[in-house]
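Read the numbers this way: they start at 1 and go in the same order the structure lists the ligands and their atoms. Each residue takes its place number in the sequence, starting with 1.
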Amino acid sequence: MRYFIDTANIDQIKEAKELGILDGVTTNPTLMAKEGITGLDNILRHYKKICDIVGDGDVSAEVISTSFAGMINEGQRLADLAPNIVVKVPIIREGIKAISWFTEREIKTNCTLVFSPGQAMLAARAGASYISPFVGRVDDITWDGIALIKEISEIFNNIFAETEILAASIRSPLHIVQAAKAGADIVTCPLSAIYGMLNHPLTDSGLKKFIEDFEKASASAKS
Ligand code: E4P
């Protein structure tokens, strides 16, 4: 499984890159706004900066328009920024039309705001490179986000879909592990959720003991 981080924060992207586990980045208008990035020129510059840091990995940049013409226009400007830009398009009727249009021109797309298997199937048929089911937001309304990943994965296996399942709205280390078990190809999450995977009390106590024993042995060797 691959790891994307879900942020527009440059420091966090650099940190994930330095860890050596960064496969890509996803952003959305909320995450861009959180970084105080406003105005088209600044937004495009910021995406370019992210693409340069990520290198080979894909960077999803979301369109704001909801009309076909608007999505095409915006998406093309985004795709022209860097070869690793993926145009992020919402799962609405015009969005499906736009995904088909981008697919014909070999521009990668990430179909976002997916909350049902039917939405995922249509996006796959239109040729989306990725679909993003929002696990955490499904859980937020007491439905089962991981069950949604499982269902989509089963269907995609049956229909030999080439579209990858990018489990989004991932909020915890447990979500990451469960998404992997459910058949997600990629997770996108905050860096903190990835760090959370490292935590184990037996690792902490084991490491403490190793260091203490080493120091004790070194001290007795000196005396
Ligand atoms: C990423 O593609 C999504 O926009 C994002 O994961 C949504 O996450 P949230 O539900 O935590 O806002």
Peer 1: Do Glu35 and Asn9 meet the criterion of a side-chain donor-acceptor pair at a distance under 3.5 Å?
Peer 2: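 The criterion, which ignores hydrogens and geometry beyond distance, is satisfied for Asn9 and Glu35.
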Peer 1: Would you mind reporting whether Ile92 and Thr66 have side-chain heavy atoms less than 4.5 Å apart?
Peer 2: yes
Peer 1: Under the side-chain hydrogen bond (donor to acceptor under 3.5 Å, both in side chains) rule, collect the residues that match up with Asp6, sequence neighbours excluded.
Peer 2: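 Thr26.
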Peer 1: Just to verify, what does Lys97 make a salt bridge (Lys or Arg N to Asp or Glu O under 4.0 Å) with, not counting sequence neighbours?
Peer 2: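 Partners of Lys97 under the salt bridge (Lys or Arg N to Asp or Glu O under 4.0 Å) test: Glu94.
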Peer 1: Under 3.5 Å between any N/O of Ser169 and any N/O of ligand 1: does that happen in this structure?
Peer 2: yes
Peer 1: Does any N or O of ligand 1 fall below 3.5 Å from an N or O anywhere on Asp6, backbone included?
Peer 2: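 Yes, since at least one N or O of Asp6 sits under 3.5 Å from an N or O of ligand 1.
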Peer 1: Could you check if a side-chain atom of Leu166 sits within less than 4.5 angstrom of a side-chain atom of Asp185, using non-hydrogen atoms only?
Peer 2: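 No - every pair of side-chain heavy atoms lies 4.5 Å or more apart.
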Peer 1: Out of Ile5, Thr27, Thr112, Asn28, whose heavy atom is nearest to atom 4 (O) of ligand 1?
Peer 2: Asn28
Peer 1: Given Arg137, Lys88, Glu62, Arg171, which one has a non-hydrogen atom that is nearest to atom 1 (C) of ligand 1?
Peer 2: Lys88
Peer 1: I need the nearest protein heavy-atom contact for atom 3 (C) of ligand 1: residue, atom name and distance, please.
Peer 2: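 Of the protein heavy atoms, Phe134 CZ, 3.4 Å lies nearest.
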